[in-house]
J.: 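Quick one: the structure is below, questions incoming.
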Amino acid sequence: MLNPEISPDRILVISDVSKIYGPIKALQNVSLSVGSGEWLAIMGPSGSGKTTLMNIIGCLDSPTSGRVLLDGLGLDSLSSAELTAIRRESIGLIFQQFHLVSYLTALENVMVAQYYHSLVDEKEALEALENVGLADRAKHLPRQLSGGEQQRVCIARALINHPKLLLADEPTGNLDETNEAMVMDILHSLHKRGSTIIVVTHALEVAAHAERTLVLEHGRVASDVRNQPYQK
Amino acid sequence: MLSNRSFALRMVLWSLLRRRSRLLVALTGVTIGATVLLGLVTLCYDIPKQLSREFRSYGANMVFVKDQVGGRLTHGDLESVRETLPADRLVGLTPFRYEPVHNNMLPYTAVGTYFADVRLTSPFWRVTGEFPSEPGQILLGAEVAEATKLQAGQRISIEGRNTNQDRYSKDFTITGTVSTGGVEDAFIYLSLTDMEEMTREPGHIDLVEASLTSGGTPLGDLADLVRRNVPDIEPRLVTRVTRSEDTVLTKLTWLVYLVTVVVLTLTMICVTTTMMTVVMERRKEIGLKKALGAENKKVAREFLAEGLMLGVLGGLIGSLTGLLFARLVSYSVFGRGLNPEFHLVPLTVLVSALVTVVASLWPVKKAMEVEPALVLKGE
């Protein structure tokens with residue numbers, strides 16, 4: 001019988017994961033699975049373990065106990081260098097603070113991800129910027145871009161290497177309503193094209209875009225529910 | 001199409017050029033280090049030459065005599081010595097011939113020489129009046145002038161006997177008196193040509209004095225060279241001059257080396273501190289790059305390349321300012337310029353680049369310890 005843990009339609013399977021920092025139990029026996037092409041929102045108050053879970057899924061941290069399978073590969077026994085390789089190959093990261101390299105243009109910021117992944121391709125990077133509506137801002141430095149534009153560059157950078165999983169940490173946390181709508185539209189469009197998306201957010205209206213919402217409280221899963229299909 | 005290597009180079013260049021204020025701080029440190037380094041090394045090269053010229057004011061540092069007791073040198077020996085010694089180090093070469101003479105029944109020593117050469121080998125002579133410039137003129141030692149009560153413009157009669165005991169006598173016009181505080185004060189000086197005519201015995205020289213600058217082949221080795229090349233000649237070093245010259249130069253050179261090492265160490269500390277600051281300021285960027293999947297070695301290479309470029313740029317600018325610095329020091333201390341040692345420029349750039357890269361190693365190691373998770377946490 002096929003092990004459900006390595007079922008091909010499950011891109012992420014987390015089983016009984018705990019993370020303990022000294023006396024603090026950031027995560028306690030969290031289990032979760034995410035299907036390929038699924039859009040999951042992770043919610044919870046501050047200190048609920050959202051960021052810790054995000055770091056573990058994003059291969060930026062390792063659990064104290066439990067198992068994490070990303071695309072069938074166990075992450076819990078991997079070295080730092082192996083985790084870096086998985087981050088490079090399989091995960092696209094979108095940050096609340098955008099985190100663009102200040103001395104590189106929008107285009108070069110996208111190419112940075114190509115450079116660390118494999119080979120730089122200026123044409124492909126420019127296409128990625130076109131896809132987020134920023135072709136005309138390609139030669140601008142981050143300080144010459146608005147917050148919304150910087151976030152779209154961040155999205156273009158996250159997508160440039162065609163990751164299996166897109167992880168977004170409060171992607172609209174620093175944006176106004178117009179830019180928030182623009183970013184959410186991009187995520188919808190990616191979802192329609194089959195991208196697997198996990199969004200960590202405080203905002204109910206952002207979580208409502210997802211197919212499913214997982215709520216964490218005190219490091220435990222408080223609820224895991226399917227959302228109503230999103231309607232504008 | 002842009003290659004990965006070109007893109008990496010572009011990243012490093014933009015990192016330096018688009019963060020100009022940071023670049024200037026780091027570059028200033030490296031440039032000052034390179035300036036002082038090249039300046040001091042140039043002075044290290046030049047100080048012996050400059051001081052050597054200063055030491056020449058103390059007189060000859062090598063003399064030549066016949067190696068047999070009572071033997072005399074010839075004009076041929078003088079020319080052989082001149083041809084053997086390196087022309088670029090030979091300040092002057094002066095022959096001296098000593099003859100016992102009388103004036104008013106009182107004995108004196110007359111010295112035949114070439115006054116143009118004396119000016120070069122014995123710049124410490126204080127002459128009241130003028131050096132003889134024409135045949136029939138004479139210069140009195142201060143003690144002789146005192147004893148004879150004669151002065152410039154008056155005439156003096158010199159008489160004596162040559163080796164064949166033939167009597168000779170000649171009148172000379174006094175052009176001045178010489179005072180050194182040494183044995184020179186007791187002699188009567190006339191041109192060697194006049195002496196040869198007066199004694200009717202041409203071709204004899206008792207002593208040749210040489211004044212040579214330091215640097216390059218040691219004086220002892222030059223003396224051996226003359227000993228090998230010129231038969232029956234005995235070169236002798238004037239040890240009171242050469243020893244004090246060697247001692248001062250050696251101590252000064254070591255002092256400059258010591259200062260150079262201190263400056264290099266300070267430069268390294270300065271660059272390490274600057275690079276440490278750069279790394280601390282760019283923790284977020286390093287974390288981001290690692291979060292994007294950058295291998296540690298790639299991030300390390302970027303920082304080391306920045307260090308290398310800073311070192312090369314600082315080394316080039318510092319080389320130019322270092323040459324100016326050395327020139328200024330030479331002017332203010334020795335009152336004359338120096339020849340720029342352009343061959344030291346590539347060496348300075350190399351040392352500067354090396355020091356910057358080595359100084360960057362520790363900060364880069366710290367950079368590798370940055371946790372990418374910090375970026376996600378927004379810290």
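Below, chain A is the first sequence line, B the second, and so on; all start at residue 1.
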J.: Tell me, for A/Gln96 versus chain B, whether the close heavy atoms (under 4.5 Å) come from the side chain, the backbone, both or neither.
T.: neither

J.: Please answer whether the main-chain N or O of A/Ser36 pairs with a side-chain N or O of A/Thr196 as donor and acceptor at a distance below 3.5 Å.
T.: no

J.: Chain A heavy atoms under 4.5 Å from B/Ser3: which part of the residue, side chain, backbone, both or neither?
T.: backbone

J.: Please answer whether the main-chain N or O of A/Pro171 pairs with a side-chain N or O of A/Gln151 as donor and acceptor at a distance below 3.5 Å.
T.: yes

J.: Pick whichever of B/Val299, B/Leu17, B/Leu292, B/Asn4 has the most heavy-atom pairs under 4.5 Å with chain A.
T.: B/Asn4

J.: Would you confirm whether A/Arg88, through its side chain, and A/Ser118, through its main-chain N or O, come within 3.5 Å as a donor-acceptor pair?
T.: no

J.: Against chain B, label A/Leu141 side chain, backbone, both or neither, depending on which of its atoms sit under 4.5 Å from a heavy atom there.
T.: side chain

J.: Consider only side-chain N and O atoms of A/Tyr115 and B/Arg10, and report whether a donor and an acceptor are under 3.5 Å apart.
T.: no

